[in-house]
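See below for the structure under consideration.
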Amino acid sequence: MRSPFWLVPMTLLAGCTVGPDYRGTVSAGAAPPPAAFARADRDAAPRAPAAAAWWTALGDPVLDELERRALAGSPSVAIAQARLNQARASLGLERANSLPKANASAVYVHARVPGVDLGSSNQNGGTGGGGGTGEDQESLNFYNVGFDASWEIDLFGGQRRNLEAARASLGAAEANLADARVSLAAEVAQAYVALRDRQHRLALARESAEKQRAIYDLTAERRDRGAASTLDVERQRGQVEQSNAAVLPLGADYDAYRNALATLTGEVPGALDDLLAAPAAVPLPPAEVAVGDPAALLQRRPDVRAAERKLAASTAKIGVAKAAAFPRLSFLGLIGLGGTSIGDVVDPDKLAAVAVPQLSWNFLDFGRNAARVGQAEGARDEAAAQYRSAVLVALRDAEDALSRYGARRQAVVTAARSKASADTSATLVRQRFDAGTATRIELLDAERQRIAADQALIQAKAQMTTDFIALEKALGLGWE
């Protein structure tokens with residue numbers, strides 16, 4: 001069988017691919033990143049940070065265990081992993097769509113129509129239904145075993161563009177999984193630091209409330225002896241109520257962070273109470289933090305990589321839309337064995353074969369495909385803008401986090417000085433009390449001020465570590 005002459009040039013066109021080729025993010029119009037971070041201080045090293053388990057630098061084994069459980073059991077990571085599996089399956093489907101489609105079939109037909117001659121083979125009582133009666137002569141048996149295959153030639157690269165888009169979408173799903181791990185690791189660490197902060201400040205608040213109660217009792221005794229006024233007593237009563245009120249929100253926060261850590265690790269609230277019950281200090285960041293450079297940040301942050309892959313996918317889909325405007329060439333092949341006898345399905349002489357090329361072209365669609373191309377181009381422009389936004393947000397996050405972390409380190413130094421001053425004052429008042437030149441109320445008040453300074457220092461340390469965690473998240477760490 002000779003092929004029609006028009007199949008030759010159509011087959012040669014199979015290597016053509018329409019639509020724009022993706023050439024990276026240059027076409028997105030994002031400004032090049034600066035050479036270095038503007039807010040980096042002397043404690044921020046320019047060397048590249050490790051993208052893996054940054055939380056181990058805090059030196060807290062309980063936090064390490066919580067991170068391990070969270071990354072293994074958190075529903076948010078499981079959701080991102082499921083979406084990644086869907087993207088992999090979609091890529092496999094697009095690969096399969098570019099290959100021929102084949103089907104096998106087996107058919108048995110028994111036809112009985114009164115008054116209609118179904119074939120000369122039945123007139124002599126023959127092969128159709130067995131002979132004898134008129135009813136038998138009006139019936140027919142037909143057997144067939146066949147195989148058919150179809151294949152659409154990718155003349156203008158529409159399927160290749162579909163495959164390109166699926167690969168890019170898979171890359172975006174992988175980056176989204178990494179981003180989920182980054183966010184989860186930071187959220188677990190921040191909740192753990194907040195829990196240790198509340199745990200310590202709750203104990204100190206209870207101690208301060210006890211001392212304030214003792215001051216109130218002593219003031220009441222002095223009033224009874226005529227050495228203090230009722231006004232002094234009422235003032236101290238107000239201080240007691242304020243001290244008791246300060247305990248309540250700290251206790252509620254402590255319970256809330258325990259529940260948060262349980263759910264972040266995929267457990268029910270209360271499941272981690274035994275692990276978290278023992279008091280431990282607020283973990284502190286290392287003396288030096290590696291931040292690298294902005295260009296490396298953009299390559300490392302999963303949300304930026306996801307935006308770049310989405311841009312690549314949307315660019316490829318323009319080619320899919322443009323290819324739909326051109327002719328489509330497909331081939332259909334049929335091979336079958338059959339006849340009116342069951343033995344015909346194995347008889348080579350009964351072999352029938354058909355090869356059918358088909359060319360279709362919806363050239364008169366009144367602008368429908370042009371509109372689809374316009375939609376695809378608009379989606380590409382949107383993805384480019386989202387990529388530019390992701391780049392700017394990443395750079396801003398890093399600069400803000402560096403600025404906050406540097407300022408928080410100075411705040412810890414100031415709080416430590418205040419704590420040292422309060423400790424010295426408490427020591428001096430203790431010496432005066434032992435010498436009989438200070439009252440117990442003065443001693444208790446000095447101890448209460450020391451506790452308040454201790455609380456402020458613990459809170460400043462927790463905020464510094466929280467800002468360190470935010471910096472690690474802004475740098476896109478914790479996903480490998």
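What you are looking at is a predicted structure, and each value in this text was computed from that prediction instead of being measured. What you see below is based on every heavy atom in this structure, not just the backbone, and it leaves out hydrogens, waters and symmetry mates.
- For T414 (side chain) and Q410 (main-chain N/O), a donor-acceptor pair under 3.5 Å exists by modelled atom type.
- Inspection of the Q212 and Q236 side chains reveals an N or O donor paired with an N or O acceptor under 3.5 Å.
- Between L202 and G251 the shortest heavy-atom distance is CD1-N, 3.8 Å.
- Here the rule is side chain to side chain contact (heavy atoms under 4.5 Å, CB included) with L471, and of V289, D400, D397 only V289 fits it.
- The residues R380 and E377 are annotated as not salt-bridged, no charged nitrogen and carboxylate oxygen being separated by less than 4.0 angstrom.
- Judged purely by atom type and a 3.5 angstrom limit, S169 uses its side chain to pair as donor or acceptor with the backbone of A165.
- No donor-acceptor pair under 3.5 Å is formed between the side chain of R309 and the backbone N or O of L170.
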Step by step, work out the salt bridge (charged side-chain N to carboxylate O under 4.0 Å, His left out) result for E234 and R237. CA-CA 5 Å; E234 291 304 319; R237 189 197 301 275; 3.2 Å; yes
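- The structure places NE2 of H200 at 6.0 Å from CD1 of I458, a figure rounded to the nearest 0.5 Å.
- A salt bridge links E447 and R450; the closest N-O separation between the charged side-chain nitrogens and carboxylate oxygens is under 4.0 Å.
- Between atom CZ of residue R222 and atom OG of residue S229 there is a gap of 9.0 Å, rounded to the nearest 0.5 Å.
- Of all non-hydrogen atoms in L297 and A474, the two that sit nearest each other are CD1-O, 3.3 Å.
- With respect to R160 and D154, a salt bridge is recorded, a charged nitrogen being found less than 4.0 Å from a carboxylate O.
- Put simply, the side chain of R328 never gets that close to the backbone of S360: no donor and acceptor are under 3.5 Å apart.
- Residues passing the salt bridge (charged side-chain N to carboxylate O under 4.0 Å, His left out) test with E241, sequence neighbours excluded: none.
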Carefully, step by step, assess D197 and K461 under the rule salt bridge (charged side-chain N to carboxylate O under 4.0 Å, His left out). CA-CA 9 Å; D197 168 59; K461 288 181 178 179; over 6 Å; no
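- No more than 12 heavy-atom neighbours from other residues, nucleotides or ligands sit within 6.0 angstrom of NZ on K473.
- W361 places a side-chain N or O within donor-acceptor distance of the main-chain N or O of A325, the cut-off being under 3.5 Å.
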As a quick check of understanding, evaluate side chain to side chain contact (heavy atoms under 4.5 Å, CB included) for F433 and T439, giving each step before the final call. CA-CA 6 Å; F433 176 77; T439 65; 5.9 Å; no
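- Between R68 and D64 there is no salt bridge, since none of the side-chain N atoms of the basic residue sits less than 4.0 Å from a carboxylate O of the acidic one.
- Residues P100 and F331 are not in side-chain contact: their nearest non-hydrogen atoms beyond the backbone lie 4.5 Å or more apart.
- Under the 3.5 Å distance criterion, the side-chain polar atoms of N369 are left unmatched by any main-chain donor or acceptor of D365.
- The closest side-chain heavy-atom distance from R161 to D21 is below 4.5 Å.
- Note: R388 CZ to Q386 CD = 10.5 Å, rounded to the nearest 0.5 Å.
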As a quick check of understanding, evaluate side chain to side chain contact (heavy atoms under 4.5 Å, CB included) for E472 and L475, giving each step before the final call. CA-CA 5 Å; E472 298 300 286; L475 294 175; 4.2 Å; yes
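- Minimum heavy-atom separation, K310 to A383: O-CB, 4.1 Å.
- The nearest pair of heavy atoms linking A80 to A180 is CB-CB, 3.9 Å.
- Here R372 contributes atom CZ and K317 contributes atom NZ; the two are 15.0 Å apart, rounded to the nearest 0.5 Å.
- Side-chain N or O atoms of S90 include one that pairs as donor or acceptor with a backbone N or O of Q86 at under 3.5 Å.
- Using a 4.5 Å cut-off on side-chain heavy atoms (C-beta onward), D454 and D423 make no contact.
- Contact detail for T219 and I441: the closest heavy-atom pair is OG1-CD1, 3.8 Å.
- Atom CD of E207 is separated from atom OG of S243 by 12.0 Å, given to the nearest 0.5 angstrom.
- Using cut-offs of 30° and 60° on the angle between ring planes, the pair W54 and F468 is perpendicular.
- A heavy-atom distance below 4.5 Å is not found between the side chains of Q239 and I215.
- With a 4.5 Å cut-off on side-chain heavy atoms, T17 and F156 do not count as touching.
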I'd like to know whether N244 forms a side chain to side chain contact (heavy atoms under 4.5 Å, CB included) with V240, so could you lay out the CA-CA distance, the side-chain angles of the two residues, the decisive distance to 0.1 Å, and finally the verdict. CA-CA 6 Å; N244 292 335; V240 170; 3.6 Å; yes
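- Not one N or O on the side chain of S74 forms a donor-acceptor pair closer than 3.5 Å with the backbone of L71.
- Counting heavy atoms from C-beta outward, R181 and L184 have side chains that stay 4.5 Å or more apart.
- Considering all non-hydrogen atoms of both residues, A186 and I469 come closest at O-CG2, 3.6 Å.
- A heavy-atom distance below 4.5 Å is found between the side chains of M464 and P285.
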Output, in order, the C-alpha distance, side-chain angles, deciding distance and verdict of side chain to side chain contact (heavy atoms under 4.5 Å, CB included) for V320 and Q159. CA-CA 7 Å; V320 176; Q159 184 57 39; over 6 Å; no
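- No side-chain heavy atom of L276 sits less than 4.5 Å from a side-chain heavy atom of Y257.
- The distance from atom CG of L443 to atom CG of L428, rounded to the nearest 0.5 Å, is 11.5 Å.
- Side chain of T265 to main chain of L261: a donor-acceptor pair is present (N/O by atom type, distance under 3.5 Å, no hydrogens or angles).
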